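In this text the structure is predicted, and so the values were computed from the model without any measurement.
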Number of protein chains: 2
Amino acid sequence: MSLQHTDREYEADLRQLREKLLLMGGQVEEMIRDAVRSMLERDERLAAQVAERDKLVNRGEVEVDELCLRILALRQPTASDLRFVTFALKAVTDVERIGDLAVNITDRVAELSREPPLPLPPELPRMAEAVQRMLRQALDAFVRGDADAAAEVLRQDQGVDDLYREAFQRALGLMRSNPDAVPSATGQLFVAKHLERLADHVTNVAEMVIFMARGTDVRHPGSRTP
Amino acid sequence: MSLQHTDREYEADLRQLREKLLLMGGQVEEMIRDAVRSMLERDERLAAQVAERDKLVNRGEVEVDELCLRILALRQPTASDLRFVTFALKAVTDVERIGDLAVNITDRVAELSREPPLPLPPELPRMAEAVQRMLRQALDAFVRGDADAAAEVLRQDQGVDDLYREAFQRALGLMRSNPDAVPSATGQLFVAKHLERLADHVTNVAEMVIFMARGTDVRHPGSRTP
């Protein structure tokens, strides 16, 4: 009876861990969308909301870390549960950094709103949508322990890299042809760079899902003998 | 007798974990130095060496993760040892990303070597030195469990941010006054940005050392009640 009680507590801890990570995922997904929108629409109020929401994400990371430590200390998980808890410890760092990068995107909204407007680069909202979709799929794959769905996320990263290169060339062209465009075009360049790096963090999460589900480390090909 | 034997194996595992992390730290420290040098001196051979050394760092991360999983599964560490192992799981990710960022710095060495040379921005080597020093101090603090030394690393991050802002303004000025300088100045801008982000990863490690040594989470002020 006492053992069953402990089992139920253990299951509840693991479920709570899963839910907390998904909640944080939903929060940063909205932050990505709003950050890019605040930049393109010069909306300083929306930019401030992104920074405000990041505090929740930061608190979420601390809570996930504490929960993982408690599970490791009290429940001494083994096999796939142990892999899941170590996954959570590492993946939460990526989710939290995604939040930081969303805030970074908004950093210069106020400053750039005072510069002459540039034509909106179509790559940026497309990159943002792709990254949001990848993040959602990576966290869905995580909940279901679905390595195939996670592998599909990895394939989408190439599309984001391609959009980044287009945005980069577009910004460079603007700067060359019009020195007054330099500050705004640099701002666009950094947003594109941040979005590309966001996709890399999502990729890290997807790689961990594959490791968790298959026990195969795909992060660094050749580093691990199967 | 059997218990003592297990204790010795446990100590050996922890020592190995510490040594592996320090080894990786030394590797990425050299990578930072060589990456910036390859960019400033237009040395494509040195750039290739940085990418080559990154493979060792990637392998190191996989080894550290596996060692941590083994310790958690077989030794069931508690209290400060448990904090240390979870620290290693998270910190190794930062060290590995520092290696990735060093490689990113070298990414455009070949392309930019074909552009007209620009005056070397003095901020970049100074940023690189500061980041190398911070990384060395953060890992020293980690080995000794020295929270005060880790706190000193956090204070240095401001200096890197200041240098970044100077490099940023310098690059913008070059681009405005001379459209032909746009590709090279953009390259300098990205190197500065990468170095600033490198310093953020070192800061993460230092914050974890403080958490490990004091049991206080300084990452997100206000997120944790003491």
Side-chain angles (χ1 to χ4, degrees), chain A residues 54-63 65-66 68-69 72-74 76-79 82-83 85-87 89-94 96-97 100-101 104 168 171-183 185-186 189-190 193-194 197 200-201 204 208 211 217 219-224, chain B residues 54-63 65-66 68-69 72-74 76-79 82-83 85-87 89-94 96-97 100-101 104 168 171-183 185-186 189-190 193-194 197 200-201 204 208 211 217 219-224:
Chain A
D54 193 43
K55 292 181 190 164
L56 294 179
V57 174
N58 291 344
R59 199 172 310 143
E61 188 194 9
V62 172
E63 288 170 4
D65 280 355
E66 287 179 336
C68 288
L69 274 174
L72 288 171
L74 301 183
Q76 303 184 328
T78 53
L82 176 59
R83 275 217 300 269
V85 175
T86 54
F87 164 90
L89 269 171
K90 287 173 89 80
V92 73
T93 310
D94 282 298
E96 191 270 336
R97 303 275 162 84
D100 287 347
L101 284 167
N104 285 352
F168 184 87
L172 242 58
L174 281 171
M175 290 194 265
R176 275 177 191 273
S177 62
N178 175 13
D180 288 341
V182 164
T186 309
L189 208 57
F190 274 114
K193 187 73 196 166
H194 287 322
R197 192 155 283 279
D200 287 344
H201 282 289
N204 290 333
M208 283 185 239
F211 175 50
D217 203 320
R219 290 174 300 179
H220 309 299
S223 298
R224 175 191 291 265
Chain B
D54 192 44
K55 292 182 190 164
L56 294 178
V57 174
N58 291 344
R59 199 172 311 144
E61 188 194 8
V62 172
E63 288 170 5
D65 280 354
E66 288 179 335
C68 288
L69 274 174
L72 289 171
L74 301 183
Q76 304 186 327
T78 54
L82 177 59
R83 276 217 299 269
V85 175
T86 53
F87 164 90
L89 269 171
K90 287 173 89 80
V92 72
T93 311
D94 282 298
E96 193 270 336
R97 302 276 161 84
D100 287 348
L101 284 168
N104 286 353
F168 185 86
L172 243 59
L174 281 171
M175 290 192 265
R176 275 176 190 273
S177 61
N178 176 14
D180 288 340
V182 164
T186 308
L189 208 57
F190 274 115
K193 187 73 195 165
H194 287 323
R197 192 157 284 280
D200 287 344
H201 282 289
N204 290 332
M208 283 185 239
F211 175 50
D217 205 318
R219 290 174 301 181
H220 309 300
S223 297
R224 173 191 292 263

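When side chains are defined from C-beta on, A/Asn204 does not count as touching B/Thr93, because their heavy atoms never get closer than 4.5 Å. Looking only at side-chain heavy atoms (C-beta outward), B/Thr186 and A/Leu189 come within less than 4.5 Å of each other.
Between B/Val57 and B/Glu96 the shortest heavy-atom distance is CG1-CA, 4.0 Å. For B/Pro183 against A/Arg176, the heavy-atom pair with the smallest separation is CG-NH2, 2.8 Å. Between A/Ala185 and A/Leu174, the shortest heavy-atom distance links the atoms CB-CB, 4.3 Å.
The part of A/Val92 that comes within reach of chain B is its side chain, from C-beta onward, which places non-hydrogen atoms under 4.5 angstrom from that chain. Only the side chain of A/Leu101 comes within less than 4.5 Å of a heavy atom of chain B; its backbone N, CA, C and O stay farther away. Residue contact with chain B, scored on non-hydrogen atoms closer than 4.5 Å, involves the side chain of A/Asn104 exclusively. Contacts of A/Asp200 with chain B are absent, with no heavy-atom separation under 4.5 Å from either backbone or side chain.
Chain A forms more heavy-atom pairs under 4.5 Å with one residue of B/Val85, B/Thr86, B/Thr78, B/Asn178 than with any other, namely B/Thr86.
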